[in-house]
Number of protein chains: 2
Amino acid sequence: MNSDKEKMLEERIDFLRTMCKLKGMRVTPQRIEIYKQVANSCEHPDAETVYEAVKEKMPNVSVDTVYRTLASLEDMDMIFRVDNQLPKARFDADKTPHHHFLCVKCNEVYDIFLESDEKIELPKNAERFGEIKDINVQIRGICNKCLQEQKNKQN
Amino acid sequence: MNSDKEKMLEERIDFLRTMCKLKGMRVTPQRIEIYKQVANSCEHPDAETVYEAVKEKMPNVSVDTVYRTLASLEDMDMIFRVDNQLPKARFDADKTPHHHFLCVKCNEVYDIFLESDEKIELPKNAERFGEIKDINVQIRGICNKCLQEQKNKQN
DNA sequence: TCCTTAATAAGAATGATTATTATTTAGTTT
DNA sequence: AAACTAAATAATAATCATTCTTATTAAGGA
């Protein structure tokens, strides 16, 4: 039962080890486990969710470690912060270029992958302001599930 | 000295009055003043900045009123929250379609206006997820001012 | 194995935002 | 124009995500 998914996760963790060494950072079990949780989830978890999941395996882990580690993983571009205009930050470990659909009703975050020929153009004027690091496209609306629930209520 | 800018601000406040009545909301001096502050600024102020500015004219205004009013102005699409991945929310009353350049060094927010022939395309798959309300393009990087400062330090 | 120092756990502190409650007032009705 | 009523407000307490402090632990090199 060593599925493709598990094999891929192992590869990603190896990459984390490499990156840590490269940046002179220690490879701690907390770092591994916290990264695992984000990398293995499609739910764009927030810090608290990660904390709860990690606590299952490491009951003594502290909230602070989770926040600190998420921040350092972000610094080394291993994970990204999903822009959600909400008080809780949410994280994503998927490095394939994609954007997000954010439901304003239920706050669910959906991944929008671009088709192979597709590319979001930068505004022509963007470069005038400085050196661009990344572009973040957030599409807000009401997701199908919530639209359906609205309809059901009306009947 | 009744400049164009002042005239335009008056028009916008009239629009606010109309919108409030339309939505059955009361037109209070606090609402007018808070909206004025956001509408009259190009700085994408945060709640505290708005609060300080409003306090000049209305010394008894409360923080809570500022937060509550900013939220209701947002609900009625009179102002928008600028996505900045920072703890303090910042607001923008400019309804002409534009995006933002956010400096990761100094947290300054710059407006990126599209040229007349320009339009940011939605990802083809975006509509699959639900009903789209708005699209938010945030470009993060280091602004010219901070780049310059970096150069100066190196010498 | 020892040593150095980065990383951690625990819990206190911070800071932005929101809730509570008594009071005021906008806008309507008399 | 006075009275009414619910929405909005001021004041302050509370909340909640996140960060800081400090003593302790452990990763990785010597």
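So that the names make sense, note that chain A is the first sequence line, chain B the second, and so on, each numbered from 1. Because only heavy atoms are used, hydrogens play no part in the values below, and waters and symmetry mates are left out as well, while side chains stay in.
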Student: Distance criterion of 3.5 Å, no angle test: do you see the side chain of A/Arg26 paired donor-to-acceptor with the base of C/dA6?
Tutor: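 Such a pair exists between side chain and base.
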Student: Between B/Lys55 (NZ) and D/dA10 (C1'), how many Å, whole number?
Tutor: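 Spelled out: NZ on B/Lys55 to C1' on D/dA10 is 13 Å.
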Student: Would you tabulate the nitrogen or oxygen pairs shorter than 3.5 Å linking the protein to nucleotides 19-24 of chain C?
Tutor:
residue, atom, partner, partner atom, Å
C/dA19, N6, B/Asp64, OD1, 3.3

Student: Using only side-chain N and O atoms of B/Arg68, determine if any of them is under 4.0 Å from OP1 or OP2 of D/dA8.
Tutor: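 It does not, given that no N or O in the side chain of B/Arg68 lies less than 4.0 Å from OP1 or OP2 of D/dA8.
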Student: Would you say A/Tyr67 places a side-chain N or O within less than 4.0 Å of OP1 or OP2 belonging to D/dT19?
Tutor: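 So the side chain of A/Tyr67 is outside the cut-off, no N or O lying under 4.0 Å from OP1 or OP2 of D/dT19.
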Student: Spell out, as yes or no, whether a donor-acceptor pair under 3.5 Å connects the side chain of A/Gln138 to the backbone of B/Asn136.
Tutor: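 Side chain of A/Gln138 to backbone of B/Asn136, a donor-acceptor pair under 3.5 Å: no, none is there.
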Student: Tell me the interatomic distance from B/Met58, atom CE, to D/dT9, atom P, rounded to whole angstroms.
Tutor: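 These atoms are roughly 9 Å apart.
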Student: Give the rounded distance in Å between these two atoms: CD of B/Glu33 and C1' of C/dT25.
Tutor: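 Going from B/Glu33 (CD) to C/dT25 (C1'), I get 18 Å.
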Student: So does A/Gln30 get a side-chain nitrogen or oxygen closer than 4.0 Å to the phosphate oxygens (OP1/OP2) of C/dA9?
Tutor: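 Looking at the OP1 and OP2 atoms of C/dA9, one of them is under 4.0 Å from a side-chain N or O of A/Gln30.
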Student: Distance check needed: D/dA27 C1' versus A/Leu16 CG, whole Å only.
Tutor: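 These atoms are roughly 14 Å apart.
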Student: For the residue pair A/Phe101 and A/Tyr110, does the interplanar ring angle fall in the parallel (under 30°), tilted (30 to 60°) or perpendicular (over 60°) class?
Tutor: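 It falls in the perpendicular class, over 60°.
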Student: Group every Ile, Leu, Val, Met, Phe, Trp and Tyr by side-chain heavy-atom contacts under 4.5 Å, then state whether B/Ile120 and A/Leu114 land in the same group.
Tutor: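 Yes; tracing contacts between hydrophobic side chains, which count when under 4.5 Å, links both residues.
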Student: Mapping B/Pro29 and B/Arg81 to their closest nucleotides on DNA chain C, which lands nearer the 5' end?
Tutor: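 Of the two residues, B/Arg81 wins.
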Student: Return no unless some side-chain N or O of B/Thr65 is found under 4.0 Å from OP1 or OP2 of D/dT9.
Tutor: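 The answer is no; no side-chain N or O of B/Thr65 sits under 4.0 Å from OP1 or OP2.
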Student: Counting heavy atoms from C-beta on, name the nucleotide in C/dA7, C/dA10, C/dG27 closest to the side chain of B/Val27.
Tutor: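 The nucleotide sitting nearest to the side chain is C/dG27.
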Student: How about A/Asp92 and A/His100: does a side-chain donor come under 3.5 Å of a side-chain acceptor?
Tutor: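 There is such a pair between these side chains.
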Student: Kindly work out whether a path of hydrophobic side-chain contacts (I/L/V/M/F/W/Y, heavy atoms less than 4.5 Å apart) joins B/Val50 to B/Ile13.
Tutor: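 Yes.
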Student: Rounded off to whole Å, could you give me the CG-to-C1' distance for the B/Asn60 and D/dT12 pair?
Tutor: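 Interatomic distance, CG of B/Asn60 to C1' of D/dT12: 14 Å.
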Student: With no hydrogens and no angle check, just 3.5 Å: does a side-chain donor-acceptor pair link A/Asp94 and A/Thr96?
Tutor: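 Yes - a donor-acceptor pair under 3.5 Å links their side chains.
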Student: Rounded to whole Å, please give me the gap between CZ in A/Arg90 and P in D/dA17.
Tutor: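 For the pair A/Arg90 CZ and D/dA17 P, the rounded distance is 13 Å.
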Student: Rounded off to whole Å, could you give me the OH-to-C1' distance for the B/Tyr51 and D/dT12 pair?
Tutor: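 It is 11 Å, rounded to the nearest whole Å.
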Student: Tell me what A/Val63 touches on the nucleic acid: a base, only sugar-phosphate, or nothing, going by heavy atoms under 4.0 Å.
Tutor: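 Nothing: the residue A/Val63, judged by heavy atoms under 4.0 Å, touches no strand.
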Student: Between A/Thr28 and B/Ala47, which is nearer to the 5' end of DNA chain C once each is assigned its nearest nucleotide?
Tutor: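 This one resolves to A/Thr28.
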Student: Tell me the interatomic distance from A/Leu70, atom CG, to C/dA7, atom P, rounded to whole angstroms.
Tutor: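 A/Leu70 atom CG is separated from C/dA7 atom P by 15 Å.
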Student: Is there a side chain to side chain contact (heavy atoms under 4.5 Å, CB included) between A/Arg140 and A/Cys103? Walk through the geometry before answering.
Tutor: CA-CA 6 Å; A/Arg140 305 192 330 136; A/Cys103 180; over 6 Å; no
Student: What nucleotide among C/dT17, D/dA10, D/dA8 has an atom nearest to a side-chain atom of B/Ala89?
Tutor: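 When the side chain of B/Ala89 is considered, C/dT17 is the closest of C/dT17, D/dA10, D/dA8.
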